[in-house]
Amino acid sequence: MRVWIQLQPILAALRRHKAATALIVLQVALTLAVVSNALFVLHTRLAHLARPTGTDEANLFVIRNGWLGHDDGARVDARMRADLATLRGLPGVRDAFASEAYPLQGGGGLPVGLKREPAQTTRPRIAISYFADEHALETLGVRLVAGRNFRADEIVQAGSFDRIAPASIIITRDLANKLFTDGSPALGQTVHLDGPSVIIGIIDRLQGAYAGSSVRSIDEDTVLLPARLADPDGTVYLVRSRTGQRAAAMRASVAALLAQDRMRLIDPDEGVLTLTQARELGYTIDRGVATAMVVLSVLLLLATAGGIVGLSSFWVSQRRRQIGMRRALGATRGDILAYVRIENFLIVGAGVGLGVVLAIGANLWLMTRGELPRMPPWFALAGAMVLWLLGQLAVLGPARRAAAVAPVAAIRAD
């Protein structure tokens with residue numbers, strides 16, 4: 001009851017300091033709008049960083065192999081076959097295959113459009129493709145949830161500029177759900193790329209080669225094409241080691257390839273890397289955005305706390321006589337402390353109310369300007385709680401100084 005009695009003098013005091021009060025309210029509102037959206041961006045980036053590729057990341061590594069010379073497609077394909085046979089025969093290597101890209105690479109995967117009908121006039125479903133053979137699923141460690149793997153006789157040789165129209169494909173479950181929104185089973189269905197292709201298998205998850213920084217990306221809409229790309233410029237070998245033998249398998253693989261054929265180029269620094277390293281490289285932008293959001297939020301919160309402390313300290317110094325009179329009339333230190341804290345709670349509350357509106361408006365604006373999804377309301381509410389707590393902590397020092405003012409000294413102050 002004693003707390004509520006103090007509301008009238010608090011409101012009267014705030015009306016006498018309209019400009020200063022308005023500035024703190026506006027600062028709190030802007031801080032809440034920015035911090036809540038920054039926390040939401042941070043949340044989306046952390047979720048993006050944590051997404052599994054669907055592969056056996058701990059045991060996968062890639063070798064970027066460049067060819068020296070100007071062989072034709074048939075010669076390149078023969079060299080690739082020999083390399084893969086060598087890699088698969090190494091101790092510590094579980095399996096290997098050749099492709100043009102790999103998960104989280106940051107580019108290289110070929111975007112393809114899939115249609116339900118050949119004469120479909122609506123926009124095709126865009127997916128990221130990998131060239132793969134019958135060893136790809138075992139090498140990647142992906143889980144086949146329906147259907148079957150490729151057979152060796154289904155794998156074709158493809159040149160750099162060949163159009164691929166495979167008779168069979170394997171797709172991810174995510175892509176299957178987007179292609180067949182009516183709930184019909186995707187397995188055995190025919191879709192159209194450059195020609196009709198039957199879906200013979202569905203895998204649980206496989207990220208594409210574009211790690212990106214978008215939360216509405218097509219990273220998990222992936223299709224495997226049964227082909228080896230005989231590119232005279234080079235290829236990518238994906239190798240899966242046995243558990244705990246990745247480092248040894250990497251050294252052995254490079255040594256075996258060089259021993260077999262010196263007419264190749266493998267950069268020892270950038271040409272061989274683990275999928276763990278590919279994750280670090282692929283998500284560089286997302287980590288940078290996350291760090292920037294944390295720094296921005298902390299700086300804004302500190303600035304807001306500083307403003308509250310400064311204003312509260314100023315008001316305490318201006319009200320020493322008033323505080324002293326209240327103490328002389330029987331107000332306890334607890335009453336003075338409660339007075340200052342309630343005043344701060346009301347100011348921050350007004351800022352929070354305005355800030356929630358600004359936060360929602362800023363999120364809607366970001367949705368139209370970029371690819372940020374709708375922010376759940378609890379982010380704004382969490383930001384409001386943080387600011388209320390911050391306001392109470394920031395005003396604690398000035399409030400204690402106000403409560404410590406001696407009644408006689410305050411009354412005699414000029």
Handout entry: Intermediate values then yes/no, side-chain contact (heavy atoms from CB on, under 4.5 Å), Met250 and Thr274
Key = CA-CA 9 Å; Met250 290 173 68; Thr274 67; 3.7 Å; yes
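- Counting only distance, with no hydrogens or angles, the side chain of Asn363 and the backbone of Met375 share a donor-acceptor pair below 3.5 Å.
- The line from CG of Leu224 to CG of Leu140 is 7.5 Å long, rounded to the nearest 0.5 Å.
- Between Arg240 and the choices Asn59, Thr139, Asp95, Asp56, the side-chain hydrogen bond (donor to acceptor under 3.5 Å, both in side chains) rule is met once, by Asp56.
- Using modelled atom types, one side-chain atom of Arg116 and one backbone atom of Leu179 make a donor-acceptor pair closer than 3.5 Å.
- Not one N or O on the side chain of Gln260 forms a donor-acceptor pair closer than 3.5 Å with the backbone of Leu257.
- A side-chain donor-acceptor contact under 3.5 Å links Thr222 to the backbone of Leu206.
- The closest donor-acceptor contact from the side chain of Gln245 to the backbone of Val93 lies at 3.5 Å or more, if one exists at all.
- For the pair Thr181 (side chain) and Asn177 (backbone), a donor-acceptor distance under 3.5 Å is absent.
- Taking 4.0 Å as the cut-off between side-chain N and carboxylate O, Glu154 and Arg148 count as a salt-bridged pair.
- Counting only distance, with no hydrogens or angles, the side chain of Arg125 and the backbone of Leu114 share no donor-acceptor pair below 3.5 Å.
- Remark: side-chain polar atoms of Gln27 are paired, donor with acceptor, to backbone N or O of Ala303 under 3.5 angstrom.
- In terms of modelled atom types and a separation under 3.5 Å, the side chain of Arg205 and the main chain of Asp174 share no donor-acceptor contact.
- Side-chain atoms of Thr55 do not come within 3.5 Å of backbone N or O of Gly141 as any donor-acceptor pair.
- Distance CZ/Arg228 to CZ/Phe131: 12.0 Å, rounded to 0.5 Å.
- Arg64 has no carboxylate O lying under 4.0 Å from a charged side-chain N of Asp267, or vice versa, which leaves the two without a salt bridge.
- The residues Arg264 and Asp83 are annotated as salt-bridged, a charged nitrogen and a carboxylate oxygen being separated by less than 4.0 angstrom.
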Exercise for the section: Any chance you could lay out the side-chain contact (heavy atoms from CB on, under 4.5 Å) test for Leu144 and Ile202, step after step, and finish with the verdict? Expected result: CA-CA 6 Å; Leu144 190 67; Ile202 299 174; 5.8 Å; no
